[in-house]
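Here is the structure we will look at, set down as structure tokens.
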Amino acid sequence: MTSVLSVAGIGKCYSTYRSNLQRFANWFGARVAPSSEFWANRNISFEVKSGEALALIGQNGAGKSTLLKIITGTVRPTTGIIGVRGHVSAILELGLGFNAEFTGRQNILHAGGLMGMSQQELTSLMPEIEAFAEIGDFFDQPIRVYSSGMQARLAFALATAKRPEVLIVDEVLSVGDSYFQHKSFDRIRHFKNQGTSIILVTHNLADVRALCDRVILLDRGVVMKDGSPEEVVDFYNAMIADRENANLKVEQKRQGNGWVVTRSGTYEISVGEIVLVSADTEELVATARVNQKLKLRLKACASEDIPRLVLGLMLRDRAGHVVWGSNTWHTKQILKNIKGGEVIEYTFQFTCTLGPGSYSFTPSLSSSDTHLDDNYEWRDNAVVFDVVNVDYPFFLGSAWMDATIKIGRR
Amino acid sequence: MLRSLWRYRYFIMSSIRGDLKGRFARSYLGGFWFLLHPLMQALIFSIILAEIMRARMPNVDSEAAYPIYVLSGMAAWGLFSEILNRSLNIFIEQASAMKKIAFPRLCLPIIVWGNALINHVLLLVAIAVIFLFFGHLPGLAWSYIVPGMVLISAMAFGIGVFLGVLNVFARDIAQIMTVAMQLWFWFTPIVYVKNVVPAKFQAVIDLNPMTGLVGVYQNALLLNQGPSLRSLIPPVIISVVAVLASFAIFRRASPELVDAL
């Protein structure tokens, strides 16, 4: 796999000058220092391989959109070089450049021209665009009579009419009805399989896990983390909690089994021993059988007095999708007035109604039902276990249902 | 720069078509409204000033001389001010497209120019029809307005793009220009004839590049004469300088242009 896009040392500085005359003078060779500078991106480097899907995540103002605009070519970087092999197509906003008085067909020629495509090319792509947009007779009516969803369909059909080497998508997949969303996602996935590199900016972390092979976390204009989706998304979640708490620490380490443990919190109370055991024999379990009775034992050790304690548990599959999650706030088992030095033992008993695969438990200790308030400790993937199916006929999926099939034959 | 503009020729053409279409859609008089405005102005000036001015007009003594004179000048000025005023704001108007789509930005003022030119030609046709009603027949010298159009366009494009780029950073420029354009209009012999101006202001009027350019139209349409070449020296110099300056500033500013939008 070759690198299609290389981003090397990119930085973007927005300068403010004491007066515009100084700015104008700078264009013609004067060297007046700006009165203030704001670096939206600083020293960003990465490479994207053919067929790789990369997500950029980060909080508002982290510099994601600036970076996309630099890669697209509308904003010039202050430092660094963008190297692209092939055609870049960017969907930063759907329906840009459309003229309300033109019909759908005329707008394809018009806005397609704005994107740099030739008229012959657009004419030959027209039947396919028309078919993909699925807006029927509206295709030959002026787009001012379109609904916003129809406009989005037309715009997406145009933007993806030709497979680009690099496709840049900025948070636009949430438009249209769910049928069209699926269709757009399928098309992007199809491009990816054919070798298109995707760069996606989104706040929907489920999309990230579903589509991307790699995630870059931007924070205040710099790359904070670059790695696999689960690793970076877990780190990001821990970092969001960090914003509320200045003295919170985030640690991350990759274990031998490939799972990444991300720990964050203020640690007034922390997770001590945490083990998964068989409910019958109390023996440690690393591989569970479908429908086995299990217990998760967790010890929390308080180092300081804390007013309220809620334990949360989340069960996730290998891809990071949440299979189940709840906490002691929902079960009305909130503990109050815990003294420093106290040890609290939680036992969580459950039946392993899971399909074959690898799963992880993530515990959290906090003072309320969200970990944003007081995050004492959050530990992603603290316990990892496999599930195997030895007792039941083959089945697919991550849930085991006590299902039987009855057959009548006459 | 020019090669990439050529690649975007269809977009430029269809943008111009789109503007025209937008004007004619859903209104009864459609595109005729923009013709009505200069014609009405010329009519008002004709009613108020015809008697005073006709006496001062050299070599002509016809009822229709002053209206023809005003219409010719108005047409020339209209082309100039439309290109200049719209280029001044075009980058700000198209900010969202410039931020999100990579395309040659010089397309935008060219679209403005194309539109203004079409409006101008339509106005000239309307004027020609009015002249026929006055019994004033077109002559061969009318073809002199073609180089006039070129010079007016070049000067308006140059000044408009130059100030349009600066206007992105200092938005007062557009405001200043609305006042300045009004002053400029009255410093150009459009409504009045040049020889009514007191002698001490003659030099200013002569230096005004629009005097010569408006004169091209007035000479051709009213007197059926070619332009006086000497009066074209200031406009030619200023047009060339303005176009070169606009390209220079456009090149220097373009890395920062989108940042300030």
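Throughout, a chain's letter reflects where its sequence line sits, starting with A, and its residues are numbered from 1.
In this structure, A:Arg187 satisfies the cation-pi test against A:Phe132, with its NZ or CZ atom closer than 6.0 Å to the six-membered ring centre and inside 45 degrees of the ring normal.
Formation of a donor-acceptor pair under 3.5 Å by the B:Thr211 side chain with backbone atoms of B:Ile205 is found in this model.
The pair A:Lys12-A:Glu37 fails the salt-bridge criterion, with no side-chain N (NZ, NE, NH1 or NH2) lying under 4.0 Å from an Asp/Glu carboxylate O. Between B:Asp206 and B:Arg230, no side-chain nitrogen of the basic residue sits less than 4.0 Å from a carboxylate oxygen of the acidic one, so the salt-bridge criterion is not met.
Counting heavy-atom pairs closer than 4.5 Å to chain B, the top residue among A:Gly116, A:Ser15, A:Gly97 is A:Gly116. Among A:Thr72, A:Leu109, A:Asn99, A:Leu96, the residue with the largest count of heavy-atom pairs under 4.5 Å with chain B is A:Leu96. Highest contact tally toward chain B, considering only A:Leu68, A:Leu114, A:Thr66, is held by A:Leu114 [criterion: heavy-atom pairs under 4.5 Å]. Chosen from B:Leu166, B:Val165, B:Val258, the residue pairing most often with chain A at heavy-atom distances under 4.5 Å is B:Leu166. Of the residues considered (B:Ser15, B:Ser96, B:Ala253, B:Ala102), B:Ala253 shows the highest number of contacts with chain A, using heavy-atom pairs under 4.5 Å.
Between A:Ala159 and A:Ser89, the shortest heavy-atom distance links the atoms O-OG, 3.3 Å. Across B:Gly73 and B:Val214, no two heavy atoms sit closer than the pair CA-CG1, 3.8 Å.
Only the side chain of B:Tyr8 has a heavy atom closer than 4.5 Å to any heavy atom of chain A. Looking at B:Ile249, both its backbone and its side chain come within 4.5 Å of chain A, counting heavy atoms on both sides. Heavy-atom distances place no part of B:Gln94 under 4.5 Å from chain A, backbone and side chain included. Contacts between B:Leu257 and chain A at a heavy-atom distance below 4.5 Å are absent for every atom of the residue. Interface remark: B:Arg9 contributes no atoms to any contact with chain A (heavy atom separation under 4.5 Å).
Side-chain polar atoms of A:Thr103 and A:Asp140 form no donor-acceptor pair below 3.5 angstrom.
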Q: Determine, stepwise, if the pair A:Phe98 / A:His110 fulfils ring pair (Phe, Tyr, Trp, His ring centres under 6.0 Å).
A: CA-CA 7 Å; A:Phe98 278 2; A:His110 176 69; 8.4 Å; no
CA sep, side-chain torsions, deciding dist, call: B:Tyr217, B:His120, ring pair (Phe, Tyr, Trp, His ring centres under 6.0 Å): CA-CA 13 Å; B:Tyr217 277 63; B:His120 185 64; 5.6 Å; yes
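Taking the six-membered ring where tryptophan is involved, the planes of A:Phe180 and A:Phe156 are perpendicular, since the angle between them exceeds 60° and thus also 30°.
Residues of residues 75-86 of chain A lying within less than 4.5 angstrom of chain B, judged on heavy atoms, are A:Val75, A:Arg76 in numerical order.
Considering only residues two or more places apart in sequence or on other chains, B:Trp77 meets the side-chain hydrogen bond (donor to acceptor under 3.5 Å, both in side chains) condition with none of them.
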